[in-house]
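This report refers to the structure that appears directly beneath it.
Predicted model, so just to flag it, every value in this text is computed and none were measured. Start at 1 and go down the list; that is how both ligands and their atoms are numbered.
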Amino acid sequence: MENEAGSAPLSFTESVNHMADRAFEVLDIDPGIAAAIKACTATLEVNFPVEINGEIEVFTGWRSVHSSHRLPAKGGIRYATIVDQDEVEALAALMTYKCAIVDVPFGGSKGGLLIDPTKYSRDDMQKITRRFARELIRKGFLSPATNVPAPDMGTGEREMAWIADTYKHLHPEDVNYSGCVTGKPVAHGGIRGRAEATGRGVVYVMREFFRHDDCVADAGFTGGLGGKRVIVQGLGNVGFHAAKLLQEEDECLVTAIIEKDGALVNEEGLNIQAIRDYIIENKTIIGYPSARHVADGKSILEMDCDILIPAAMEGQITPENAEQIKAALIVEAANGPITFEADEILRKRGVAILPDAYVNAGGVTVSYFEWVRNLAHIRFGRMERRYDEMRGGHMLSAIQSMTEQPIPEWIQKELVQGADELDLVRSGLDDTMRLSFQQIKAVMDSNDKVNDYRTASYVVAIDKISRSYLDIGVY
Ligand code: GLU
């Protein structure tokens, strides 16, 4: 397929590199350093046989390390039929920038297995996952110190638990074995709040955006997040948690959700939990009673709304539909949903875009907390929670005896409650997303050459990464 100018569309990796190039230019980085940062360090391809129902099937998977200026290299493993080497390398590059933007001290990596997970039984998936993990471990592409996968499209806690167990069997002497992968079930070394983290992070980003009057006005909005009409593409783990929070806590109207089998539209606002329950029961959105079903789901990206959240997959907004997008703000919850060519069109049209490498970094942020928890071998809050409660109690009695005033019950509750692990994780996530927004905004405010959030985010990332190359040198 060719684009309007007659040249072939850019690959995913080229698209990411072109976006990064805008920042290299702004920062005037030495071309050698720029090339070193952009280059993918190593990609492993494995082909391995697994016996399924008495027959041998050969599976192909990749694990790509984009950068190792910080270790471990970090990033999810996806199971999908669209996976290929270019996709995995592009996603690994995004992980490098993502970690740098949110100050997570990891390099960037990504993995993928070419498979349709819906076609295999649970037992088969376990066999395939354990075998894939063994390949990665044996070849040095999976360990708590060097390369730590996490869930991504088509994978979840279940796969992460199998991977951790496989590593433990191969390396029982490694006291930190449970840090070899994140996104594990809480009962197997996971952390509370990881499953919701990416979606929740997206919402924390949006709340922070709406705290800055100049950003709100530049995007052509008035008022706060409440009441804004939002369209969400993809009701997977990320889209579901983001949409649910926006509807339930921020009083947004989620007017449409787009799924593989069409879209659900209701201008009065959709009930996200009800739709999720319906999907789990019926394996489709078709027939959901309280909304209009539109068979051509993708056309709904162009429907009138205030905010569009693509939370499905890459390459959804291209030169073919970029002119027709009505949203004033696009929040990229998926990785790479807007191609470089479409990004150029949207930038010219003045559409504000909060970019993937920042917006969906909540997942890796909480993965970082999980990894630290695994290395510390203790749950966050375990030492101080009761102590904090006791201090809160003392403070309450002191205030009460000094003022002789009754303290409202809700204040008493707040003061006396010690933070548990989920409170701490959410607090750390919120802080991370807010601080990163402020860093990105500071770049835009201080540099005339930067007037979009994507370039500013890459400037934040590349400034930090290049410093590590310049300080340590190349050897
Ligand atoms: N797969 C997620 C991402 O793309 C999470 C990565 C991680 O937690 O390491 O950001």
Side-chain angles (χ1 to χ4, degrees), residues 12 16 62-68 70-80 83 87-113 136 141-157 159-160 163-164 178-185 189-191 193-202 204-205 234 236-239 241-242 310-314 331-337 355-374 425 428-429 432-433 436 457 461:
F12 193 3
V16 172
W62 294 266
R63 184 80 184 162
S64 179
V65 177
H66 177 260
S67 60
S68 51
R70 297 253 192 289
L71 285 175
K74 192 81 187 78
I77 290 186
R78 66 172 48 178
Y79 286 0
V83 170
E87 186 199 38
V88 171
E89 291 184 351
L91 293 167
L94 278 173
M95 286 308 305
T96 295
Y97 302 121
K98 198 180 295 192
C99 292
I101 291 167
V102 289
D103 278 326
V104 163
F106 293 151
S109 182
K110 200 80 174 197
L113 183 67
L136 299 181
F141 279 73
L142 198 161
S143 87
T146 59
N147 196 322
V148 179
D152 200 83
M153 187 190 289
T155 58
E157 290 186 346
E159 286 73 18
M160 302 307 118
I163 293 172
S178 69
C180 74
V181 66
T182 59
K184 301 177 291 293
I191 195 166
R194 174 62 185 85
E196 62 165 29
T198 314
R200 181 171 280 273
V202 172
Y204 287 160
V205 166
N237 185 44
V238 180
H241 285 290
M313 57 183 294
E314 61 263 26
V331 182
E332 291 186 318
N335 288 309
D356 48 6
Y358 162 53
V359 167
N360 67 37
V364 76
T365 300
V366 176
S367 277
Y368 168 47
F369 301 156
E370 180 176 332
W371 183 77
V372 169
R373 174 205 210 270
N374 293 151
V425 163
L429 175 61
T432 302
M433 302 319 278
S436 305
S457 302

Closest non-hydrogen atom pair, [X] against [Y]:
{"X": "Asn374", "Y": "Ser178", "result": "OD1-O, 3.2 Å"}
{"X": "Val83", "Y": "Leu113", "result": "CG2-O, 3.8 Å"}
{"X": "Ala164", "Y": "Val181", "result": "CB-CG1, 3.7 Å"}

Within the 4.0 Å heavy-atom sphere of ligand 1, strictly under, residues: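 Under the 4.0 Å cut-off, ligand 1 touches Lys74, Gly75, Gly76, Met95, Lys98, Lys110, Ala150, Pro151, Asp152, Arg194, Asn335, Gly363, Val364, Ser367.
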
Could you check whether Arg78 and Thr155, counting side-chain N and O atoms only, form a donor-acceptor pair closer than 3.5 Å?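 Short answer, no.
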
Applying side chain to side chain contact (heavy atoms under 4.5 Å, CB included), name anything that partners Ser67, two or more places apart in sequence or on another chain.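 For Ser67 the side chain to side chain contact (heavy atoms under 4.5 Å, CB included) partners, ignoring immediate neighbours, are His69, Thr96.
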
Which value, rounded to the nearest 0.5 Å, describes the distance between Arg200 atom CZ and Met433 atom CE?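 Rounded to the nearest 0.5 Å, the CZ-CE separation comes to 12.5 Å.
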
